[in-house]
Amino acid sequence: MVVTLSPAVDAGTLTFREGTRLSPKPVLLPAPGIIEDYPFDSYRVLTEIEVVRPDSADAPGRSTEVTAIPSKPYLSVNAPGWSETELERSPRALAEEEIAFRLIRSTPTITIALIFVALMAAVAVLAVLLVIATVRERFELSMATAARMTAALFALITLRTRMPGAPPLDSWIDILVYFWVVVALVLSFSAIIVMLLSQGNRPTNPPSQPVHREADG
């Protein structure tokens with residue numbers, strides 16, 4: 001029995017020998033979509049499946065005849081972090097059937113991605129609040145403050161690279177959130193450094209000496 005899937009990224013022809021037990025075999029199928037919509041991106045997969053049984057070869061120079069086998073094929077998507085929804089089945093012929101289904105990211109994946117986005121935004125907000133508190137002298141200005149800014153910047157990069165699914169750098173989360181968070185952190189870090197340098201250049205007044213007066217008498 002020969003099963004043909006079209007279109008397919010790799011060899012879309014599966015051959016099962018007579019007398020052997022049928023077992024699942026992997027096939028790569030094209031899935032067009034817009035990955036920049038991460039984590040709300042979706043992909044539509046459309047494939048046509050044909051199931052035939054090749055007859056004995058004819059004389060040299062002539063093609064091999066096949067016999068159509070009525071069947072209802074089943075496709076299982078092996079994609080961790082994704083969920084599939086079958087859209088339609090359209091029989092084309094006795095042994096041909098067209099199957100369309102859609103792939104979307106699973107709910108846990110979307111939830112984790114949105115949590116990461118919220119954490120990145122929170123890092124920027126905390127950095128701005130730290131600068132405001134320092135300017136208002138509610139927070140002691142020191143090199144430890146600059147170290148916290150540096151740690152926040154590295155934490156932001158780690159959050160971005162650890163997002164599930166490894167979205168590309170031109171996704172909407174980068175344009176609306178990530179790039180602005182980086183800008184806020186860099187500006188906050190620069191403000192802290194400027195204030196530290198200004199504090200170091202301030203002249204320090206020597207402590208006044210107490211004045212002793214002798215009482216008359």
Look at the side-chain heavy atoms of Ile, Leu, Val, Met, Phe, Trp and Tyr, link any pair under 4.5 Å apart, and say whether [X] and [Y] land in one connected group.
X    : Y    : value
V182 : W172 : yes
I99  : V45  : yes
V186 : V177 : yes
V125 : L119 : no
I157 : V181 : yes

Measure the spacing between [atom1] of [X] and [atom2] of [Y] and express it to the nearest 0.5 Å.
X    : Y    : atom1 : atom2 : value
S83  : L103 : OG    : CG    : 8.0 Å
R44  : R102 : CZ    : CZ    : 10.0 Å
I193 : F189 : CD1   : CZ    : 4.0 Å
M163 : M120 : CE    : CE    : 5.0 Å
T158 : F116 : OG1   : CZ    : 10.0 Å
I110 : I104 : CD1   : CD1   : 6.5 Å

Are any of the side-chain heavy atoms of [X] and [Y] separated by less than 4.5 Å?
X    : Y    : answer
L114 : I112 : no
D37  : I34  : yes
Y38  : R105 : yes
V131 : M149 : yes
V123 : L185 : yes
V117 : I115 : no
S171 : I35  : no
V135 : M195 : yes

Please determine whether side-chain contact (heavy atoms from CB on, under 4.5 Å) holds for the pair V194 and I192, giving the CA-CA distance in whole Å, both sets of side-chain angles, and the decisive distance to 0.1 Å.
CA-CA 5 Å; V194 170; I192 292 296; over 6 Å; no
Applying side-chain contact (heavy atoms from CB on, under 4.5 Å) to V2 and L14, what does each step give before you reach the verdict?
CA-CA 6 Å; V2 177; L14 307 177; over 6 Å; no
Considering all heavy atoms of both residues, which atom of I173 and which atom of P167 are nearest to each other, and what is their separation?
CD1-CG, 4.3 Å
Between V9 and P30, which heavy-atom pair has the shortest distance, and what is it?
CG2-N, 3.7 Å
For T107, does its backbone N or O pair with a side-chain atom of T111 as donor and acceptor, under 3.5 Å?
yes
By the side-chain hydrogen bond (donor to acceptor under 3.5 Å, both in side chains) test, which pairs, at least two apart or in different chains, include something from residues 177-190?
none
Given the rule in the side-chain contact (heavy atoms from CB on, under 4.5 Å) test, do L5 and L29 qualify, once you have shown the distances and angles that lead to the verdict?
CA-CA 9 Å; L5 293 87; L29 301 177; 4.2 Å; yes
Taking only residues two or more places apart in sequence, or in another chain, which ones meet Y43 in a ring pair (Phe, Tyr, Trp, His ring centres under 6.0 Å)?
W82
Please list all pairs passing the salt bridge (charged side-chain N to carboxylate O under 4.0 Å, His left out) test where one or both residues lie in residues 154-168, with sequence neighbours left out.
R160-D174
